[in-house]
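A quick write-up on the structure given underneath.
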Amino acid sequence: MSEYFPEVPKIVYGGPTSRNPLEFKHYNPDEVVGDKTLKEHLRFSVVYWHTFSNPLSDPFGAGTAVRPWDDGSNSVPNAQRKARAAFEFFEKLGAPFYAFHDRDVAPEGKTLRESHANLDEIVKVFKEEQARTGVKLLWGTANLFSNPRYMHGAATSPNLDAFAYAGAQVKKAMEVTHELAGGGYTFWGGREGYSTLLNTDMKRELDHLARFLHLAVDYKKQIGFTGTFYIEPKPKEPTKHQYDSDTAACLNFLRTYDLLPHFKLNLESNHATLAGHEMMHELEAAIGAGALGSIDANTGDPLLGWDTDQFPTSIYLTTQCMLCILGMGGFTTGGVNFDAKVRRESFEPIDLFHAHIGGMDAFARGLKVAHAIIADGRLSAFVTERYRSWDSELGRRIESGNATLTELEAYILPKGEANKNSSGRQEMLENLINEFI
């Protein structure tokens, strides 16, 4: 009998006809699609912060979460108990990975030294539980946004001491991630931005952010950490403008400061929405630069303008995600990380299972649909045909950088006019996707 989730058995695959809310309808981890199992394709990860450290409060009310294992104290024994509950959840759900911030898993002490010691105590539990369950760390990170010391930012703070404290905190979080054999380490600039330019030296702050990341790259090499470094874009909230606002902004920053060889992107669906983009846009922008590493799987409410971090349920969204990910050959690092939280009204422990089961089923369906669309070939054939003129000798010369404007003029003058355009057939292609969904 389970100590923390006694009413929940290990979640198994029941199939599409199952009416058991605690069974998968579409995610069969051992089912092979293409050349991999669903478990290998999707690499599901549960986040610690929303699942085990979120009281479900909002600006208008206190938390509603009922968590029998959490006594509400900011103590190491409570954090240890929470860690045991977390791994029981991972194991019963069948999630192969998890992710955390340092301050999610261990209480912050009165001094940095005390905070380090608290984290070390929890790492001992994590190591035991990882060995017991086989669950692995997808990536770790440091919370550089909650404490008031980071009110003006961390790596971009005008206060040198805040920068130094953040560096020390990242150093420890990287060491812990390395000790736990984490697959990567993520940098999310929660307050690396500005509320007004009237008090901001933007160029200096960007220079400092780049220097901070170079210091992290240097230390990664020093300790022999071979995991992937990720940057996670987000346009706003809590700042008016964050420097890592979207994929394009991150790529530009990384190229400008010679950091692109050392980083890939961890993209979140809800952050794409807040940036005014579709997730498919953000994915394709990263893939085009060879920089997609992992995704945070969630969605936002179209009627709300903030980061609601809801669990993904749209098969259209998951299909689009998996079309992009399969198109690049699948994950070589990272995975599908559920950076999502249950609603404030879904306050019982069992709701955590319902939410993750739904998200995992949605991505399993999206994967299967995307694979079928790719195997069918009509979508890719249409795109290939649409750009057929570029496969000509002149097209190849232009794309290789060997053509001149004089050559273009010599080509078009005898023709007198450009060839007629062909239809983009958007509606037909949308209908094609619907055939499979």
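Every value quoted in this text rests on a predicted model; they were computed, and no experiment measured them.
For the pair R84 and Y4, the cation does not sit on the ring face, since its NZ or CZ is not both under 6.0 Å from the ring centre and inside 45° of the axis. The side-chain tip of K220 points at the ring of F229 from less than 6.0 angstrom away and within 45° of straight on.
The six-membered or imidazole ring of F187 lies near that of F263, with a centre-to-centre distance under 6.0 Å. Ring centroid separation for the pair F52 and F100 does not come in under the 6.0 Å cut-off. Between F225 and Y219, the distance separating the two ring centers is not shorter than 6.0 angstrom.
Judged by distance alone, the side chain of S53 and the main-chain N or O of D104 form a donor-acceptor pair under 3.5 Å. No donor-acceptor distance shorter than 3.5 angstrom exists from the side chain of Q242 to the backbone of R191, with no hydrogens or angles considered. In this structure, the side chain of Y230 does not engage the main chain of L292 through any donor-acceptor pair within 3.5 Å. Judged purely by atom type and a 3.5 angstrom limit, H281 has no side-chain atom pairing as donor or acceptor with the backbone of H277. Side-chain N or O atoms of D361 include none that pairs as donor or acceptor with a backbone N or O of G358 at under 3.5 Å. Put simply, the side chain of Y48 gets close to the backbone of A83: a donor and an acceptor are under 3.5 Å apart.
Contact record, C321 with M279: SG-CG, 3.8 Å, taken as the closest heavy-atom pair. Of all the heavy atoms in A162 and Y150, the pair that sits closest is O-CE2, 3.7 Å.
Salt bridge status for E91 with R132: present, with a side-chain N to carboxylate O gap under 4.0 Å. Between D71 and R81 there is a salt bridge, since a side-chain N of the basic residue sits under 4.0 Å from a carboxylate O of the acidic one. A salt bridge links E175 with K171: the closest approach of a Lys/Arg side-chain nitrogen to an acidic carboxylate oxygen falls below 4.0 angstrom. Between K172 and D120 there is a salt bridge, since at least one side-chain N of the basic residue sits less than 4.0 Å from a carboxylate O of the acidic one. Between E108 and R149 there is a salt bridge, with a side-chain nitrogen of the basic residue lying less than 4.0 Å from a carboxylate oxygen of the acidic one. Ion pairing between E179 and K127 holds under the 4.0 Å rule for side-chain N and carboxylate O.
Ring pair W188/F145 is perpendicular by interplanar angle, where above 60° counts as perpendicular and below 30° as parallel.
A search for side chain to side chain contact (heavy atoms under 4.5 Å, CB included) contacts involving R43 returns F97, L138, F331, not counting sequence neighbours.
Residues H208 and F163 are in side-chain contact: their nearest non-hydrogen atoms beyond the backbone lie under 4.5 Å apart.
Each of D339, N54, D309 was scored for a side chain to side chain donor-acceptor pair (under 3.5 Å) with W49, with one residue passing: D339.
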